[in-house]
Amino acid sequence: MNRIFVLGTLFASLGSASMFGQTDTNSLEDFSQYDNLGFAEAGAKRYCSPKIEGLSPAKLISLGYDFQGGYAVNAGDLFAADGTTLLAPSSSAQTSATYGMRAGFNIPVISKTNLVWQMGANYWNTNFRYAPDPSSATPNPLHQTLDEHGIRTAGVNTTLFKPLDSKQFLLFQGSADLSGTYGLGLMPMDYLKYSAALIYGRRPTEKKQWGLGVARTYRVGEINYIPVVLYNSTDARNKWGAEVLFPARAHVRRTINPRNMIFAGYELEGQSYRLWRNPASGFDLRDEDLEIRRGEARLRMVYEFSLKDFIWLSVQAGYRVNYRFDVDRLVDGAEIYRAFGLLRDDAYAQVNGLGNPLYFNVSLNLVSP
Amino acid sequence: MLRKFTLWAASALIAFASLNFELQEAPGDKLIGVWEPSNGRARVKIDRIGTKYYGRIVWLIEPNDPETGLPKTDKNNPDPALKNVPLKGYRMLKDFVYQADGTWSEGTIYDPLNGSTYNCVIKMKDKNTLDIRGYIGVQALGRTDVWKRLAVQPAKK
């Protein structure tokens with residue numbers, strides 16, 4: 001009796017037994033029946049997607065820590081607006097470490113086939129630890145400001161990807177950042193810095209995309225308008241690839257598997273930081289329109305891997321090469337656009353030099369589907 | 001004897017009811033069909049099994065692995081036991097339940113390109129267009145892909 005009942009139950013469940021398997025692969029199924037299919041909707045179009053196959057995953061949320069080893073900070077003479085009155089003499093000091101937290105998040109707002117729009121925000125904090133304390137031995141406002149306040153950037157950004165058809169696209173990236181020696185509560189909105197890039201691109205295959213465009217950028221510290229080149233590719237075996245947005249960054253990618261990737265390359269980092277100092281402890285620079293033009297290249301190796309599912313750890317180490325850390329005085333509050341000396345050749349209020357230390361960066365990331 | 005027959009009849013009735021349930025059209029069955037993700041690299045056939053909806057890969061633009069020349073398998077699956085399962089026939093959409101608000105949810109979507117499984121909700125924008133949103137925990141942390149319904153194309157004259 002029991003046997004009959006069991007057989008009956010088995011029979012009853014046959015109809016839904018296949019749901020427990022991973023595949024419905026049936027040796028009798030003729031998959032060629034799906035070859036001759038087209039869109040059911042007349043006039044429907046295919047659009048290219050923002051990603052290519054094999055590209056490293058986008059980071060939705062990132063929380064990281066950046067550390068640079070010790071190096072010399074050679075602060076130059078700081079002159080007043082007249083160009084001749086010396087406000088502070090040059091002096092050298094040594095940092096033992098430069099470090100800080102870096103956080104960012106990006107949220108897709110619109111994800112359609114014909115439009116992808118993403119919004120994000122970021123906060124980078126950089127503290128300078130001097131050894132010894134520069135306040136008495138080296139009376140230069142650059143050292144004292146960096147030592148006491150550090151520099152930080154808080155900003156918002158947006159990315160728009162507009163495919164034109166299955167092969168062509170437009171990419172727009174824009175950001176607005178507040179950067180300076182201020183605490184967040186003191187940062188005046190007047191000093192917002194805007195960056196943007198517009199790129200026309202093509203995606204000839206699922207494993208390659210390239211583009212050309214223009215950018216307004218502070219990557220080398222001061223404002224510039226430059227051409228940019230986008231190039232992302234993955235080889236046929238999904239082992240090697242390139243992820244390039246020249247000149248901002250360029251990396252060669254080695255994919256161990258889709259959850260383990262190694263990169264070698266560089267990134268340019270930079271921004272203009274509003275310089276301010278608390279008059280209670282020394283120089284009062286509140287009436288001076290001074291900004292640090294920070295630009296640096298990071299030559300690096302990066303290892304990114306999945307810790308668990310969508311939680312990825314990124315570890316990078318390399319060499320931080322200083323390009324510029326000069327202080328500029330704004331003319332009537334306006335920035336000076338030098339175009340690498342082609343348009344103007346105004347002297348900096350203070351010309352500084354930084355040593356080039358080793359650095360490392362570690363971040364925990366939630367990556368996008 | 002009568003008791004055995006009664007049990008057998010009951011079992012057969014359950015079996016018939018089960019099969020009949022699958023044959024009966026349900027409100028969510030408008031999802032059934034063959035669909036193409038936005039990247040155009042695969043085609044996915046969605047069926048109903050019992051009360052839930054499942055989608056399996058039935059076509060690949062690149063059916064063979066360029067490294068081996070053999071039909072592609074799920075080599076990126078983190079479970080070693082599944083790495084040799086053929087991608088054709090692979091069930092990448094699982095366990096979707098049609099809801100009163102017109103969506104299909106409670107299911108998951110699997111991405112063979114990276115071996116990850118995401119929570120997923122499906123919305124039908126019109127009879128030929130689906131918004132497939134894969135997400136991590138909450139829908140805000142996700143990405144939507146638009147899938148288009150496919151149909152047999154008339155032979156060209």
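Every value quoted in this text rests on a predicted model; they were computed, and no experiment measured them. Below, chain A is the first sequence line, B the second, and so on; all start at residue 1.
- The shortest heavy-atom contact between B:Ile136 and A:Phe310 is CG2-CD1, 3.4 Å.
- For A:Leu37, the parts lying near chain B are the backbone and the side chain together; criterion is any non-hydrogen pair under 4.5 Å.
- With a threshold of 4.5 angstrom between heavy atoms, A:Ile110 does not approach chain B through any atom at all.
- Contact annotation for B:Lys45: only side-chain heavy atoms (C-beta onward) come within less than 4.5 Å of a heavy atom of chain A.
- When each of A:Gln118, A:Arg237, A:Glu206 is checked for heavy-atom pairs under 4.5 Å with chain B, A:Glu206 comes out on top.
- A:Lys208 NZ: 12 or fewer foreign heavy atoms inside a 6.0 Å radius.
- With chain B as partner, the option from A:Ser166, A:Ser306, A:Ala44, A:Gly38 having the largest number of non-hydrogen pairs under 4.5 angstrom is A:Gly38.
- Once rounded to the nearest 0.5 Å, the distance linking OG of A:Ser111 with CG of B:Asp131 reads 9.0 Å.
- Separation of atoms OH (B:Tyr118) and OG (A:Ser368) is listed at 7.0 Å; rounding is to 0.5 Å.
- Heavy atoms of A:Tyr34 lying under 4.5 Å from chain B belong to its backbone as well as its side chain.
- The line from OG1 of A:Thr113 to CG of B:Asn39 is 10.5 Å long, rounded to the nearest 0.5 Å.
- Counting heavy-atom pairs closer than 4.5 Å to chain A, the top residue among B:Gly40, B:Ala140, B:Gly142 is B:Gly142.
- Considering only heavy atoms from C-beta on, A:Phe39 stays 4.5 Å or farther from B:Arg149 through its side chain.
- With a threshold of 4.5 angstrom between heavy atoms, B:Thr129 approaches chain A through side-chain atoms but not through N, CA, C or O.
- The salt bridge (charged side-chain N to carboxylate O under 4.0 Å, His left out) test applied to B:Arg143 returns no partner, not counting sequence neighbours.
- When heavy atoms are compared at a cutoff of 4.5 Å, A:Asn238 does not approach chain B at all.
- For the pair A:Pro369 and B:Asp111, the minimum side-chain heavy-atom distance is 4.5 Å or more.
- At most 12 heavy atoms of other shown residues, nucleotides or ligands fall within 6.0 angstrom of atom NZ in A:Lys112.
- In terms of heavy atoms, B:Pro66 sits closest to A:Ala236 at CG-O, 3.3 Å.
- Interface residue A:Glu53: only side-chain heavy atoms are found under 4.5 Å from chain B.
- With a 4.5 angstrom heavy-atom cutoff, B:Leu87 does not touch chain A via any of its atoms.
- Using a 4.5 Å cut-off between heavy atoms, A:Arg259 touches chain B through its side chain atoms alone.
- In this structure, chain A has a heavy atom under 4.5 Å from the side chain of B:Pro78, while its backbone stays farther away.
- In this structure a side-chain-to-backbone donor-acceptor pair under 3.5 Å is present from B:Arg43 to A:Asp35.
- For the pair A:Arg46/B:Glu36, a side-chain contact is recorded, criterion being any heavy-atom separation below 4.5 Å from C-beta on.
- No more than 12 heavy atoms of other residues, nucleotides or ligands lie within 6.0 Å of NZ in B:Lys127, so this atom counts as exposed by the packing criterion.
- Looking at heavy atoms from C-beta onward, A:Asn257 lies out of side-chain contact with B:Asn114 at the 4.5 angstrom threshold.
- Going from atom CZ of A:Phe105 over to atom CG of B:Leu141 covers 10.0 Å, rounded to the nearest 0.5 Å.
- Under 4.0 Å is where a charged nitrogen must lie from a carboxylate oxygen, and between A:Glu41 and B:Lys148 at least one such pair does.
- In terms of heavy-atom pairs under 4.5 angstrom with chain A, the leader among B:Asn76, B:Asn128, B:Val58 is B:Val58.
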